[in-house]
Colleague: 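Just passing along the structure, written as structure tokens.
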Amino acid sequence: MQVIDLIDQKGRATVAESNVPAIELIGVNKSFGPVHANKDINLVVGKGSIHGIIGENGAGKSTLMSILYGFYNADSGTIKIDGKATTIPDSKSAISQGIGMVHQHFMLVDPFTVLENVILGAEGGALLKDGVANARRELQRLADEYDMTIDPDAVVGELPVGLQQRVEILKALYRGADILILDEPTGVLTPSEADHLFRILRVLRDQGKTVLLITHKLREIMDVTDTVSVMRRGEMVASRKTAETSMEELAELMVGRSVLLEVDKPEVKVGKPLLKVEGLNVRDDRGVLRVKDVSFEVRAGEVLGIAGVSGNGQSELLAALSGITRAESGTMELSGEKLDLAGVHDAAEMRHKGMSHVPEDRHRMGLINQFSEYENSILGYHREPKYSKGMFLDKDAIRKEAKERIEKYDIRPPTTEMTAAKFSGGNQQKIVLAREIECDPDVLLIGQPTRGVDIGAIEYIHNRIMDMRAQGKAVLLVSVELDEIRSLSDRIIVMFDGNVVGERGAEATEQDLGLLMAGVNQEAAE
Amino acid sequence: MLDTIILVLDSTFRLSTPLLFACLAGLFSERSGIVDIGLEGKILGSAFAAAAAAYVFQSPWIGLLAGIFVSVLLALIHGYASITQRGNQVVSGVAINFLAAGLTVLLGQAWFSQGGRTPALDSASRFNNIELPFADALADVPVFGPIYANLISGHNILVYASFAAVPLVWWIVFRTRFGLRLRAVGENPSAADTAGLSVTLLRYRATIICGILCGFSGAYLSVAQGAGFIKDMSAGKGFIALAALIFAKWKPVNAMFTCLLFGFLDALAIRLQGQEIPGIGEVPVQVFQALPYVLTVVLLAGFIGRAIPPKASGIPYVKERT
Amino acid sequence: EAFKPAVVYDFGGRNDRSFNEAAYKGALKFKERTGVNFRDFEIQNPSQREQALRNFARRGLDPIITIGFAQAAALEKVAKEFPDTHFAIVDAVVDLPNVRSIVFKEGEGSFLVGLLAAQATETDTIGFVGGMDIPLIRKFACGYKQGAKYANPDIEIIENMTGTTGAAWTDPLKGGELARSQFARGADVVFHAAGLTGTGVLQAAADEGKFGIGVDSNQNYLHPGSVLTSMIKGVDVAVDKTLVDAQEGNWTSGVEVLGLAENGVSWAYDQYNAPLITEEMKSAVEQAKMDIISGKVEVHDYMVDSSCPF
Amino acid sequence: MSKGQLPRWVDFGLLPALNLIAAFIVSGLVVVIIGEDPFEAVKWLVWGALGYGEGIGYTLYYATNFIFTGLAVAVAFHAGLFNIGGEGQAYVGGLGIALACLALDRFIPWWVTFPFAIAGGALFGAAWAFIPAYLQAKRGSHIVITTIMFNFIASALMVYLLSNILIPQGTMSPSTRNFEAGGQLPLLRNVFTSFDFGQSPVNLAFFLALAVCVVVWLLIWHTKLGYEIRSFGKNPDAAAYAGISPVRITIITMLISGGLAGLMGINVVMGEQTRLLLDFAGGAGFVGIAVALMGRGHPIGIILAAMLFGLLYQGGAELAFEIPTISRDMIVVIQALVILFAGALEHMFRPAVVAFFDRFSSDTAEA
Ligand SMILES: Nc1ncnc2c1ncn2[C@@H]1O[C@H](COP(=O)(O)OP(=O)(O)OP(=O)(O)O)[C@@H](O)[C@H]1O
Ligand SMILES: Nc1ncnc2c1ncn2[C@@H]1O[C@H](COP(=O)(O)OP(=O)(O)OP(=O)(O)O)[C@@H](O)[C@H]1O
Ligand SMILES: [Mg+2]
Ligand SMILES: [Mg+2]
């Protein structure tokens, strides 16, 4: 329905040139085992336009794009490029049909140089030296044209994420892409970097290239796109001309019901500091200094937000505080008790002292996918006396408590026996949250609490965090979502390249924080 | 003194060769992301096939081809298990080793009924030592003479081949398109995939090359260094080659030096055996017999500590968790 | 009833070109002469020793000849279970009424080849390559050293052992390397007592144009012109004789010690090594043989004190 | 049961069975290749293993070995560690057992020696696993390689000890003296006289093995340590997050694994041979890998798999007796094929089976 409407009344989308759409998807389906990630999707994208696709995490956006790029093969459905029906069995054929993609999770070879990454698969000759020379020239040309300067001989693994994304884009352009897909490109960018990216996208559009922009940030959609489609739970629920829609409408389409994006934050009287960190330095296993002399404190009844583009030391900070890794140097005061973070590093010990931790990546750390729900419900607390009879685990006790938590946190499906992997992202997150909150900690470390979960779950999780605050706990919140940080935190510190580059109150503006995230500090400047 | 050194180095070359072939073989496999515990088995399989064919056709070259053929077959089994079936690569490798250990003896017994051995090869069907030109003429030039005549000259062709292979492998891995793609697929298969390359194809090619090189290694044991196949004649060389590969941080030139080192340790153990050690005195022979293995462990642990393998090695490439 | 003999070989098996093979040859000789067929079995793991013996005994085979000291323990068990069956064991003593134990004076044979080696060497350095460092092999080594020293008191003798696993008896490559290193250290004659591993030693000697000395069976033919001689251990003769005794009903149990006197051990002289053995070498070794038999020269037996004074 | 999921009995019954069948079919082909009749072979194999009391006795005897080594490999697997050193650990464990027996057998009855022997075996086996474990944990040295190296080192050590130190004066064979009654485990043939075990060496160690299975089962699935071992094996990052020390778990697990392998000597050294002799482990350490894989790391599975391999070993011996061309190496081949099909090619038949069951399972995905 919307499809027809889009082709007929030509917006900027199709005015651009001939009314043949650049991309046309008809009845595309894709399932991953139990997951029906794409349910007969229809989509039309006009030549020379920027088309946005929004949807919650897990809605199926990446899957759909990956199908278009030949990374996955659709179970059914047709794809038309420039009006001609085609098949895209693999990325090779996608590239040959002028499609390029910047993946949500970068597809770069870390130990390779920028140049090597760019020419990979398009070397132009069996011997490297043949291709390399003109690749270098071509790369230079592109970099200048779209002012995306980059050192072609830098090792990609050592570049900041912003630049890594640049390499991805250059990769696509180097292969002469007419259709450029960007999957959540701004997740790793500061607001200003994001704006720069958008400028580039507009240039590309004006050169007649077609751009597909995936995101779940409404603001961005309104900023750059000409047309937009909304996905929900694997279905394409609507397509609109950006000019003719609003954030509110999109948000509602996205979630399937009206949502209030504001969390209510009651007054809580702040108590004494429960967590106090001083002079923390952390090296990663490669020996690189990732956290540089960081100090801060979190008081009872306070949420301290740590903002920053991912990869600026937040993860290492959490790992060191929670006792997973040993710090280079630094001390921590936990509810009055002084600890040397360079000495002790024992996550179990930290939990015992009343600090619990919701990790950034539940699949990698928070859960053991092959373990059943109840086994996961004691991960990290399995040595607690209440769970054990002597050297044995008291499984009845464990199951009983797990049941109660499933009730309380409305985890679905309500079973203690299903393996963690089979729960949905949001429910997986709830299992972790229940575990870390129900142990009644003094301090809660919580990283990316709502990554990969739907709005419903987001609201729930935010409220839990507010409860902790109300109960006079200290909460340290790390998130790349500025909105989340701003709506939950009492104070906000911003990390850039391992340093704390500034502190702000809850009222801080997005631009202000954005500059700090880019490492620009006015006070310092003045 | 000098000739003692020459002697030890001389046998070092002989002992390093099979390690070097195997090590380079492993390099291709692991660079592409396929861990290969099965080098040992491929060497053994090839050694048997080579000896059998060399005996039947009275030609070392046919033997070599047969060895390579069988070794590649085994490599393909490993490839099928770990690439197509995404099985556990270590387990598959172990299986290959047992398969070779059993089949060689079984078939050997069935075909030649000599307790699983192949008949001894006459020099016509072996790779014999070749004297390089002027070896004798230069022999009595001081220092250089003996080195040239006794150390450089007078090895069989496969010894020279193994060392010639080193620069070749380096060039392939770091200077060709295939090499670039090989390394990419071992570090980040999805990256190669989205760059329009076939991970499967690349990895199969790597395993096949691995098979070919193991073929050389095995053939060397049975038709060059030795004169026929004997049960379990690979005697752990495949594993030592793996250790050498790790020690070499997956680099061809390092690989050559580490293999020489391991070969040297072996030669030294043989040389020192049954001699008074200054200061220590008479040492039980078993000490020397265990020496290469002990030192392997020491090197593995002491000197390199945690070597970082190609990121994707050992991990099957799975696009869709279903 | 019919005469049904059986032979049980130890690790290495029927075709190890050496010890077990000699036993096989003996049984074969008997078969060719008398037309009597025999069953045999090659051991693959320790538990099979007992099993194999018992299997043969139960199937009514008799006599049953076991090859190798390693079988002693198993034989002791089984022979008790089948008191009416005749058993024989080579290289070990099992003291039971129905067992004939055949042991050789390897020392005496080794003495002779040691003496020959001492005369053949031009570097006054000779070598020995053993399979595994076990008493039996030390027995060979000791006699060899004594013989060499007898001929040339200040001769240099390099002694090596191959390995520590079963592979020690089946690793010609290692054998070859050991031999080569001994050659490079000045040895020009190497005697091996290492079963199949020895073929590598002899191979190396042939490749390097040095002398090797075979063991157990006559290995002169393997590399004519390079195998100086072989220390023949008359396992074949002993097996053959045992079968004959059993067949003709004059079986005797108890210990049979076979040395030079009994022709149980000897040195090989045939068309293959004739050119290598000079007249005086020949006379010297024959003289020594006489002296040993007459007791004028006494060869030290390693087993009496588990040590070798030479 | 959602789409793509399989009922437990298929996962743990049907699929392994299919893998096994595949392995045996290929083995049959090998037999054909070497010019023998596979059915004839199977006949002798089964008869030799189960056809008569003594055969059964031997089957159980071999199975006992494989239960110990299988458990050893399995426990390590649960921590994501691949212990190929079972052979060496069993070999050295035998030394511990022998020392206990040599020290005590003259003075006290076997049932007093028994616990000491067990302790000795476990201790020595564990000790032999310790260094590789430590190096893996602290220096990240590839444990597969170090354990293999330690197999070689073990045999060197044992030859030295057996032919220089433990060997009784004036004997030929590098082995210890025979243990007196106080160092000998009762043979089942003397315990259960009602059943005719013939002369087979199956002994009380068999029941020890079964008991150990129960212990391992409790350890892995019902203790805190077991929980930590499995956590570490399934997801090391999550384990670190949970405050489980990788170093500690790696070492403890390998000690347990080595200890279990070390116990194998109870069956051979104290049960059958009643002395310590060269190469007594005879490859059982490696069979353990196949057993553990086939048994899916679960004691019940391991017992069944061990029985199967016991059957193969005993039947194989008889087979080699009847058809000499099919030597024991045939068993090695079968072992290899089982590892290949039950281990590396584990999932080969899964897609087909899943498709089959999906057609018959009406209910669909829950997602
Ligand atoms: N490779 C895969 N194997 C199995 N399931 C997958 C795979 N990739 C995605 N899924 C599932 O498919 C669904 C859609 O995932 P997809 O990544 O397309 O969502 P998305 O809209 O991109 O979410 P996000 O905004 O978090 O990127 C999710 O339920 C996810 O769990
Ligand atoms: N890694 C995985 N392995 C197996 N199944 C998975 C995996 N990830 C997701 N699934 C399946 O996909 C379904 C949806 O997972 P997904 O994470 O996309 O949830 P979602 O659609 O994002 O919902 P939520 O809003 O709760 O996150 C789950 O019910 C689960 O069965
Ligand atoms: Mg996505
Ligand atoms: Mg989700």
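Sequence lines set the chain letters: A, B, ... in the order given, protein chains first and strands last, and positions in each chain run from 1. Just the heavy atoms: all of them, side chains too, but no hydrogens, waters or symmetry mates, feed the values below.
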Colleague: Counting only heavy atoms closer than 4.5 Å, note whether B/A235 contacts chain D via side chain, backbone, both or neither.
Modeller: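 Answer is backbone: N, CA, C or O of B/A235 sit under 4.5 Å from chain D.
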
Colleague: Sort out for me which of D/F150, D/Y134, D/F152 touches chain B most, counting heavy-atom pairs under 4.5 Å.
Modeller: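 Option with the top pair count is D/F152.
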
Colleague: Can a donor-acceptor pair be found, under 3.5 Å and without considering hydrogens, that links the side chain of D/N19 to the backbone of D/L15?
Modeller: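 Pair found, side chain donor or acceptor close to backbone of D/L15.
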
Colleague: Heavy-atom pairs under 4.5 Å with chain B - which of D/T325, D/L135, D/I145 has more of them than the others?
Modeller: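 Going by pairs under 4.5 Å, I would pick D/I145.
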
Colleague: Under a 4.5 Å heavy-atom cut-off, does chain B meet the side chain of D/L340, its backbone, both or neither?
Modeller: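 Contact with chain B involves both backbone and side-chain atoms of D/L340.
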
Colleague: Please flag which part of D/E346 lies under 4.5 Å from any non-hydrogen atom of chain B: side chain, backbone, both or neither.
Modeller: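 Interface part for D/E346: neither.
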
Colleague: Return the minimal non-hydrogen interatomic distance between D/A292 and D/G70, and the atom names on each side.
Modeller: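 Heavy-atom minimum between the residues: CB-O, 3.6 Å.
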
Colleague: Is chain B contacted by the side chain of D/L157, its backbone, both, or neither, given a heavy-atom distance below 4.5 Å?
Modeller: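 No part of D/L157 comes within 4.5 Å of chain B.
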
Colleague: Relative to chain D, which of B/P284, B/P292, B/P309 shows the most heavy atom pairs under 4.5 Å?
Modeller: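 With the most close heavy-atom pairs to chain D, the winner is B/P284.
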
Colleague: Tell me whether B/T258 contacts the main-chain N or O of B/A255 through its side chain, where contact means a donor paired with an acceptor under 3.5 Å.
Modeller: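 A pair under 3.5 Å: yes.
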
Colleague: Check whether D/I84 gets within reach of chain B through its side chain, its backbone, both or neither, counting any heavy atom under 4.5 Å.
Modeller: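 Just its side chain gets close to chain B.
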
Colleague: Non-hydrogen atoms of chain D under 4.5 Å away: do they reach the side chain of B/I77, the backbone, both or neither?
Modeller: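 For B/I77, side-chain heavy atoms alone lie under 4.5 Å from chain D.
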
Colleague: Could you tell me whether a side-chain N or O of B/T118 sits under 3.5 Å from a main-chain N or O of B/F229, the two making a donor and an acceptor?
Modeller: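 Pair found, side chain donor or acceptor close to backbone of B/F229.
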
Colleague: Give me the atom names and distance for the closest heavy-atom approach of B/L74 to B/G41.
Modeller: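 Looks like CD1-O, 3.8 Å.
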
Colleague: Under 3.5 Å, side chain of B/R86 to main-chain N/O of B/P316, donor-acceptor pair present?
Modeller: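 It does not hold such a pair.
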
Colleague: Using a 3.5 Å distance criterion without hydrogens, assess whether the side chain of D/Q89 forms a donor-acceptor pair with backbone atoms of D/A261.
Modeller: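 Looks like no, no N/O pair under 3.5 Å.
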
Colleague: Measure distances from D/Y160 to the heavy atoms of chain B and classify the residue's part below 4.5 Å as side chain, backbone, both or neither.
Modeller: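 When you check distances to chain B, atoms from both the backbone and side chain of D/Y160 fall under 4.5 Å.
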
